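A short write-up of the structure that comes next.
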Amino acid sequence: MDYVLLIEQLLNGFQLGIILFLMAAGLTLVFGIMDLVNLAHGSLFMIGAFVGGTLTLVTDSLVLGAVLMVPAMFAIGVLVETIALRTLYRRSHLDQVLATFGLILFFNEATRLIWGPEGLAVPLPDFLEGTVALGAGITYPLYRVVIIVIGLLVALGLYLLVARTRFGMLVRAGASNREMAGALGVNIPVLFSLVFGIGAVLAGLAGLIITPITQAAIGMGEDVLILAFVVIVIGGIGSVRGAFVAALLTGIIDTMGRSFLDVVLLLFLPPNAAESAGPALSSMLIYILMAGILFFRPQGLFPPRGATAAP
Amino acid sequence: MLEVRRVNAFYGDSQVLFDMNLAVSSGEVVTLLGRNGMGKTTTVRTIMGIVRTRSGTITLNGTRIDHLPSHAIARAGIGLVPEGRQIFPNLSVRENLIATARTPSRGGPGWTFERVIELFPAVGTRLASAGNQLSGGEQQMLAIGRALLTNPLLMILDEATEGLAPLVRQEIWACLGSLKKAGQAVLVIDKNVEMLAGLADLHHIVEKGRVVWKGTSAELRADRSLQLRYLGV
Amino acid sequence: MKSQLTPAHAVSALLIALCAAVPYLASALDEPFYVIVFARIMIWAIAAISLNLIMGFGGMISFGHAVYLGIGGYAVGILAFHDITSAWIQLPAAIGLCALVALVFGVICLRTRGIYFIMITLALAQMVFFLSVSAERYGSDDGLNILWRSDFGSGIVDLEDGAVMYYTIFAVLMGCLFLQWRMVVSRFGMVLRASQSNETRVQAVGIPTYRYRLAAFVIAGVMCGLAGFLQANLERFVSPDMMNWHRSGELILMTVLGGTATLFGPLVGAVVFLLLSEMLSTITIHWHLLFGPFLILVVLFARGGVMGLLGSRTTRD
Amino acid sequence: KIGFVTTLTTPAAVIGRDMRDAVELALEHIGGRMGPETVEVIYGDDEFNAQKGKQATERLILRDDVDLVAGYIWSNVLLASAPVVLSAGKILISANAGPAPLAGRRCHENFFNISWQNDQTPMALGELLNQEGIRSLYIVAPNYVAGQNMVAGVERVFTGEVVGKDMTVWPSQRDWSAELSKIKAAGPEGVFMFYPGPAGPAFVKQYQQAGLIETIPLFSVYTFDSISLPLFQEAGIEAVLGGKMTQFWAPDMQNEQNRKFVTAFQTKYGRYPSFYAAQSYDSMFFIKSAVEAVGGNVQDVDGMRAALRKAEFPSVRGKFRMGSNHFPVQNFYERTVVVDADGNWTTSAGPVVLEDHQDPYAGQCEMGG
Amino acid sequence: MTERPRELHLEARGLNKRFGGLQAAADLSMRARHGEVHAVIGPNGAGKTTLVHMLSGFLRPDSGSIVFGGDDITSLPAPGRVQRGLARSFQITSVFRDFTVLENVVLPVQARQGHSFRFWRSAMRDPSLTGPARVLLEEVGLGDRAATLAGHLAHGEQRQLEIAVALATNPSFLLLDEPMAGMGPEENRALIDFLGGLKETHGMLLIEHDLDAVFALADRITVLVYGRAIASGRPDEIRQNSQVRTAYLGEALV
Ligand SMILES: Nc1ncnc2c1ncn2[C@@H]1O[C@H](COP(=O)(O)OP(=O)(O)OP(=O)(O)O)[C@@H](O)[C@H]1O
Ligand SMILES: Nc1ncnc2c1ncn2[C@@H]1O[C@H](COP(=O)(O)OP(=O)(O)OP(=O)(O)O)[C@@H](O)[C@H]1O
Ligand SMILES: [Mg+2]
Ligand SMILES: [Mg+2]
């Protein structure tokens, strides 16, 4: 096999993984740690793309747009949390599903009203255009390299925040036993708003970052959301490290499936069958991956601490 | 310091506390005694703002706290060792201790991580384990340590010796004794009347959500019929 | 034990009466369209009931439940495609296939709990979904048109007759409601509900929970497959979309909207969900702007869905 | 009363909007009347979903009691909905979707298509590729029926070698990094891609970012239209200028009806009409011709059908006729992306690639009556 | 119900269990006889609950075997052990919080009647289930709480329910993990009497920190420290054992 292609595909998978990670990281904070099933996390991805995209177009700079998007998304996140979700923490997951589904409908329609059905295209600044040579005959789009770098930095920062700081401890404490954390002096409502805001920023960042590649479209977050759920489940819920590993794994496997599955299938199947089985199988691949991992490790790759205690 | 006056509290429609009265002065060790299901824990939960009063007032050092949210009450200076331990299962033992730690508001040395470990060496050996991997007794010690580290004005211990080995239980009584000596105010709920009588300044017997008797250790010891009637001892 | 008459009961009774009367009302008011609307609603209600059985009473939140709608439907579609229209072949095929698939999926899924369960059911359903998308022979994602409805022979149940079709669905719905009720209050239901709240404890009293949960999973799969069978017949059309994850999501939504772990919640949920979208969507194409907040308000102000709002607690005989 | 089913919600609503705008424009131009009757058009939203489309159709037939149904962007929606209309004995006119079954085995006397059969445009493109001398081709298309049809159409006519083919997940996949890397590695002389709606510009953008647009020419059907070109222009992807495709129509086709249509559309909506709009506009005049032929007696389905078969109405594409299977027999032109006088990007019709072309399924159609 | 051998001994043979670096059971052997109360005491974290988990089938020992009534049950899953008559209670209260008190007890009663694949008859209207359940609730002193939701009981009442649930499976051998914890003095005494009465017909493994209860009930005591049995014998032997006193009892209780 062509090693240039192989490496390029690995990079592609890596880059997809990074986007998934940004989504999954927010989810794992909000769902894994605060135990809130937020289907509207996908909407935040979309809103990030539209709001960030608009800011980019207004300021005529992607960098400025991204910088301005951070406080904007944070504010939106906190607002959504305060208005709609705050009282839902103590409710069942199913109630949360229903309410946040309502949010999805609302946000999608609101976005359509504000930006129109055609979505939003965000140009890439000239200095991010083009490809870079990575040596050994590999050239790779510069912007995708930038995505990978940003994602790695965010991953590191987030890991430190959650695992190493008191903030992270308090969030985890509040999530596992709200009442008790409150009785020990933790201001849970404020803390959770903060976390939700951070989750919103991460989702928004993912949305904006991908927009110069895919453009912003209404409902763009929903399929990504499912993938992000797959990721956090594979990684082990509540684990930022798990989300990172699983996101990369998912990204790479998905990409590898899309690139090489047809070739592999040709080894076993007649061309006709391979041609029709290929796309089906490659779309199933990550689900097969997830089912397989859960079958052997029902708690994901990095089970959250405390989940394995004796009954 | 803490004053609970004519507090009524409900779970849904069923009233659990009826004109509950209670006071703890600084430096005092005060108990709540009573049989199962009489409302001791509910009193504590009401003080902490987890259960809301329907009427009556609760003040801490003269300021009303009954309408504050839980976390504000805790920050006002109450440290809770809850019934049933309530360790954070997903935090390590070390994190359980330091996550909610606060420096003493009065200044002075107060409780530090090191001092708590010294008090409970068994906890000290498991610092990296997840909270819920500890044995029942270890969790109990952890819960006490966690409350101490908030350096409260008033400690509330709700059945803090449940499930502890006799040796450890003795240690906790000793610890309470030294807390008392250090001038720490304590509100304690426990089944062990014998020990409490040797330790506390003032006792309250709770029956069906009311304080039906209040008195000193000597008075409590003296009145066998009282003990039999309300405590089944 | 005690059965008080709550508004929830009244509303449920009224709904059932309404379902029974729709064909007459529709022809009286000259609104034939609503016959199909209600037939469709009832089919969704059957599927939602089946989901409620495992999700509401057993704590198994399946995010792939629509897969049985699809399997039940395709059993009809594919057999009809091969000119086998006899219901006596199609129906057993649908039921058998759903039971088999549910059994296999159950064995895999029941190793996991909580969100892991949710996601693994989704994953398995997605596999079947993509399988159907790639089945070029059977129309891929264009689906299959069904020219003739299932033929029960002998002319007693002639599904080609609209009214017969309607009342067949109605009868199945009533049957499923009844079955759900009996199952929930029976010993089996006790075990199922107990496992939801504390599975370790159930095992500690000597009950191997796994087989009960698995049995419930299979029963729910078959019941939902029945809904798929009916849907294929009603619509004369099957497509992979029947088992798209959106459909599974909608099933969950309907059940929760109506009230999980209540007997009539799924029916109420299906009616409210589908009728309201039907009505709102004729008012404005931006109806999601109203429907979304409506769902949120239901959650915020009505614990336990619409049934909760009407004063029904979870079912206990 | 005419029912018109299209997509009004979901991202695909951009197409639905163009179609509806065109229908409204047509109604304006005919003064809201067909023969003696006033026309009312009731829109149904298929929500980009076959089931929902079918339900919308039922609503139109059963509740709104329309006399005739038109519209339909998506093949699967049309296939699911067609039996509803046809079994009610009413006439159905597709303004876009042209799936093979309805052109062939399952053709119906009351079904008409006013756009094209799915295979035709890509066949024309295959021919164009041959004419351009492309000998090795890489194909990327979404894995759904229309996508498969497009690919099949190209492959049927293209005489060179297909060196690679990727069928991607529809409609969710929006990032083609893996496919682009494969294309780069395969090094074909040309790439054929098909992505309707907003996915198209995204693909081209990535194609450019991957540095491919200068080296490997990109061919497409349907992708460069007046819906996507403003997006290209906004994003500054100049590389699409000069891009070639095939189609039965272009905004600058010179006939009276088209000039009227395009100018009016531009004045009213401030943008170029897409081919979806053109077809929808045509469909109204098509219906009008039939209604007038039966003197407004729309119950006379036989009469209407006969008139529709004649297809005597002014079409924006100039001349065409109805084939035996009720699909158009028409010319397909080369179409190039150009800058118009005002600096807007649009497409311009070139030479005929396929003349009076009939789809390959017509032979399978045995229409009763 | 199957006929059980009259003499049901529970025996642990060389059990080992590690949690990461921590040895929670180290070559642990013991034998509890039918008709006796065998107490296990030891400092917190000694591995007592772990032992119960292993004996009841909730944890698999790393090595060693468990024999009950003459059969090796090491690989038998938890429900199977209960069906053979080996029931347990939980140190950390584990009842069905959203069931009523009565329902909590009906479930184990139905479990002992065999399989629950009965789909028709209403369980709560079946006197063969509710009858024994109510009797049992009276016995443990929760008779008037039958209709309350278990989650709404006070802590001590939940502890009583916990025992009732274990007893409702009609066990021949009981594994009791700190049954007295959280109960008031009076309830405590009642429970001691109650368990004392069961002694005739049941075997019992009792884990308890309440030494009054231990010395009142136990016929035999094993002392665990760091997963190891450091002493085993009659109560008076244990009381005198100096090793036990330094490790566990302390000076208060001599
Ligand atoms: N969440 C609740 N909902 C309804 N009733 C409750 C709830 N919690 C406790 N109760 C009831 O309130 C009463 C008092 O309970 P509380 O827990 O305060 O008792 P307690 O004195 O602490 O008893 P114990 O010594 O057993 O811990 C009991 O009758 C109990 O059943
Ligand atoms: N799942 C687990 N993972 C890791 N360590 C565990 C686990 N379960 C128990 N342990 C550890 O094993 C040791 C024995 O625990 P166990 O619960 O058996 O103690 P115990 O004797 O019952 O104590 P107590 O009297 O306090 O209840 C403890 O140190 C505990 O922290
Ligand atoms: Mg209490
Ligand atoms: Mg223990």
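Note that the structure is a prediction, hence the values are computed from the model and not measured. Chain naming here is simple, since letters A, B, ... match the order of the sequence lines and numbering starts at 1 in each.
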If I measure from the heavy atoms of chain D, does T139(A) come under 4.5 Å with its side chain, its backbone, both, or neither?
both
Please look at N143(D) and chain A and tell me whether the side chain, the backbone, both or neither of the residue comes under 4.5 angstrom of a heavy atom of that chain.
side chain
Below 4.5 Å from any heavy atom of chain A, which atoms of P230(D) appear? Answer side chain, backbone, both or neither.
neither
Let's go through D175(D) and R144(A) carefully: what are the C-alpha distance in whole Å and the side-chain angles of both, what is the deciding distance for salt bridge (charged side-chain N to carboxylate O under 4.0 Å, His left out) to 0.1 Å, and is it a yes or a no?
CA-CA 11 Å; D175(D) 188 339; R144(A) 291 186 191 261; 3.1 Å; yes
For residues 107-114 of chain A, give me every residue with a non-hydrogen atom less than 4.5 Å from any non-hydrogen atom of chain D.
R112(A)
Closest heavy-atom pair and its distance - Q9(A), S177(D):
OE1-O, 4.3 Å
Atom pair CG (L212(D)) and OG1 (T131(A)), whose distance is rounded to the nearest 0.5 Å:
9.5 Å
Is the count of non-hydrogen atoms from other residues, nucleotides or ligands lying under 6.0 Å from R271(D) atom CZ greater than 12?
yes
Whatever's closer than 4.5 Å to a heavy atom in chain A on S228(D) counts as neither
Between K184(D) and L5(A), does a side-chain contact (heavy atoms from CB on, under 4.5 Å) hold up when you go through it step by step?
CA-CA 8 Å; K184(D) 199 157 77 174; L5(A) 179 60; over 6 Å; no
How many angstroms lie between atom OG of S283(A) and atom CD of Q173(D), to the nearest 0.5 angstrom?
9.0 Å
Contacting moiety of Q148(D), where chain A heavy atoms sit under 4.5 Å:
neither
Part of K165(D) within contact of chain A (heavy atom distance under 4.5 Å)
both
Atom of A13(D), atom of P117(A) and distance for their closest heavy-atom approach
CB-CB, 4.0 Å
Top contributor to chain A contacts, counting heavy-atom pairs under 4.5 Å, from A202(D), G164(D), S172(D), A178(D):
A178(D)
Decide yes or no for D262(A) and K182(D): does some side-chain heavy atom of the first lie under 4.5 Å from some side-chain heavy atom of the second?
yes
Neighbours of chain D found in residues 203-225 of chain A - heavy atoms under 4.5 Å
I210(A), T211(A), P212(A), I213(A), T214(A), Q215(A), A217(A), I218(A), D223(A)
Between V169(D) and P279(A), is there a side-chain heavy-atom distance shorter than 4.5 Å?
no
L124(A) portion near chain D, given a 4.5 angstrom heavy-atom threshold:
side chain
